Amino acid sequence: EVQLVESGGGLVQTGGSLRVSCVASDLYLDDNTIGWFRQAPGKDREVISCINTVEGLLFIADSVKGRFTSSIDSGENTVYLQMNSLEPEDTAVYSCAAIENDYRDACYEGTYDMTYWGKGTQVTVSS
């Protein structure tokens, strides 16, 4: 059974950093594009980044460009989202999701039609 499990969220002050992780089980990362998404209370889900091992970082949202980046450790079957210069507006539940590389457009087109989703990890940025 495919599982995506996020970890690393928490409470951080404005200007701080966090790295959240997404560990994939029973999923071959080399065949999949992994997206990071976030959803804050009362707001729509937002795609943050999309990455795969073939093409690298495919997409990074304008709202986080220059502050966030994503990376893959294939050996650990883990995808990371490094978040720097955090702002209160970054407070949200951060989730990872996967889709086969042939359908990677779904990651950054905003359809959120990914195949597998994790349950998310809460990131809270205090002012």
Side-chain angles (χ1 to χ4, degrees):
E1 178 187 1
V2 172
Q3 284 190 318
L4 300 174
V5 179
E6 302 93 339
S7 63
L11 175 64
V12 64
Q13 290 185 331
T14 297
S17 298
L18 275 177
R19 189 179 74 164
V20 291
S21 304
C22 171
V23 178
S25 302
D26 287 336
L27 185 76
Y28 189 47
L29 284 187
D30 285 351
D31 290 340
N32 286 269
T33 293
I34 306 299
W36 280 101
F37 302 82
R38 70 183 181 186
Q39 189 162 21
K43 293 189 177 180
D44 292 335
R45 179 180 286 166
E46 178 185 11
V47 54
I48 299 301
S49 65
C50 303
I51 189 170
N52 62 41
T53 61
V54 177
E55 298 163 285
L57 190 62
L58 297 169
F59 173 85
I60 191 84
D62 287 342
S63 59
V64 304
K65 198 168 289 182
R67 301 188 297 123
F68 292 13
T69 192
S70 185
S71 60
I72 295 179
D73 185 337
S74 296
E76 296 294 326
N77 235 34
T78 300
V79 180
Y80 299 100
L81 181 67
Q82 177 67 45
M83 304 181 288
N84 300 324
S85 301
L86 282 161
E87 304 166 351
E89 294 72 23
D90 296 318
T91 295
V93 175
Y94 285 73
S95 302
C96 61
I99 194 165
E100 290 184 10
N101 285 336
D102 285 348
Y103 307 102
R104 62 191 180 284
D105 293 359
C107 184
Y108 46 79
E109 286 184 341
T111 62
Y112 309 119
D113 192 19
M114 305 291 279
T115 306
Y116 303 105
W117 286 87
K119 293 183 178 179
T121 185
Q122 176 70 45
V123 172
T124 302
V125 185
S126 63
S127 57

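Only a predicted model underlies this, so the values are computations on that prediction, with no experimental measurement involved.
To the nearest 0.5 Å, atom CG of residue Asp90 and atom OG of residue Ser63 are 7.5 Å apart. The CG atom of Asp26 lies 9.5 Å from the CG atom of Asn77; values are rounded to the nearest 0.5 Å. The OG1 atom of Thr78 lies 6.0 Å from the CG atom of Asp73; values are rounded to the nearest 0.5 Å. Of the inter-residue distances, the one linking Tyr103 atom OH with Asn32 atom CG reads 12.0 Å to the nearest 0.5 angstrom. Note: Ile48 CD1 to Thr69 OG1 = 12.5 Å, rounded to the nearest 0.5 Å. Within the model, atoms OG of Ser49 and OH of Tyr94 stand 10.5 Å from one another, a figure rounded to the nearest 0.5 Å.
With Thr14 contributing its side chain and Ser126 its backbone, the two residues share a donor-acceptor pair below 3.5 Å. The backbone N or O of Asp30 sits less than 3.5 Å from a side-chain atom of Asn101, completing a donor-acceptor pair. In this structure, Asp31 contributes its side chain and Glu100 its backbone to no donor-acceptor pair below 3.5 Å.
Note: the hydrophobic cluster containing Val47 also contains Ile99 (ILVMFWY, side chain heavy atoms under 4.5 Å, direct or indirect links). Note on Val54 and Leu58: separate hydrophobic clusters, where clusters join Ile, Leu, Val, Met, Phe, Trp and Tyr whose side-chain heavy atoms are under 4.5 Å apart, directly or indirectly. Residues Val5 and Tyr80 do not share a hydrophobic cluster, defined by chaining ILVMFWY side chains whose heavy atoms lie under 4.5 Å apart. By the criterion of side-chain heavy atoms lying less than 4.5 angstrom apart, applied directly or through intervening Ile, Leu, Val, Met, Phe, Trp or Tyr residues, Leu86 is grouped together with Ile60 in one hydrophobic cluster. Both Met83 and Val12 belong to a common hydrophobic cluster when Ile, Leu, Val, Met, Phe, Trp and Tyr are linked at side-chain heavy-atom distances under 4.5 angstrom.
Residue-environment remark: CD (Gln39) exceeds the threshold of 12 foreign heavy atoms within 6.0 Å. Within 6.0 Å of CD in Glu55 there are more than 12 heavy atoms belonging to other residues, nucleotides or ligands. Counted within 6.0 Å of NZ on Lys43, heavy atoms from surrounding residues, nucleotides or ligands total 12 or fewer; the atom is thus considered open. Surrounding OH of Tyr112 are more than 12 heavy atoms belonging to other residues, nucleotides or ligands, all under 6.0 Å away.
Taking the six-membered ring for Trp, Trp36 and Phe68 have ring centres at least 6.0 Å apart.
Ala40 approaches Thr91 most closely through the heavy-atom pair CB-O, 3.4 Å. Summarising the geometry of Gly9 relative to Val20, their closest heavy-atom pair is N-CG1, 3.8 Å, with the distance given to 0.1 Å. Across every non-hydrogen atom of Leu29 and Ala24, the tightest pair is CD2-CB, 4.0 Å. Considering all non-hydrogen atoms of both residues, Ser71 and Ile51 come closest at CA-CD1, 3.7 Å. For Ser95 against Glu6, the heavy-atom pair with the smallest separation is CA-OE2, 3.3 Å. When all heavy atoms are compared, the tightest approach of Leu4 to Ala98 is CD1-N, 3.8 Å.
Counting only heavy atoms from C-beta outward, the side chains of Val64 and Glu46 never approach each other to under 4.5 Å.
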Under the criterion side chain to side chain contact (heavy atoms under 4.5 Å, CB included), I'd like the reasoning laid out for Tyr116 against Cys96: C-alpha separation, chi angles, the key distance, then a yes or no.
CA-CA 8 Å; Tyr116 303 105; Cys96 61; over 6 Å; no

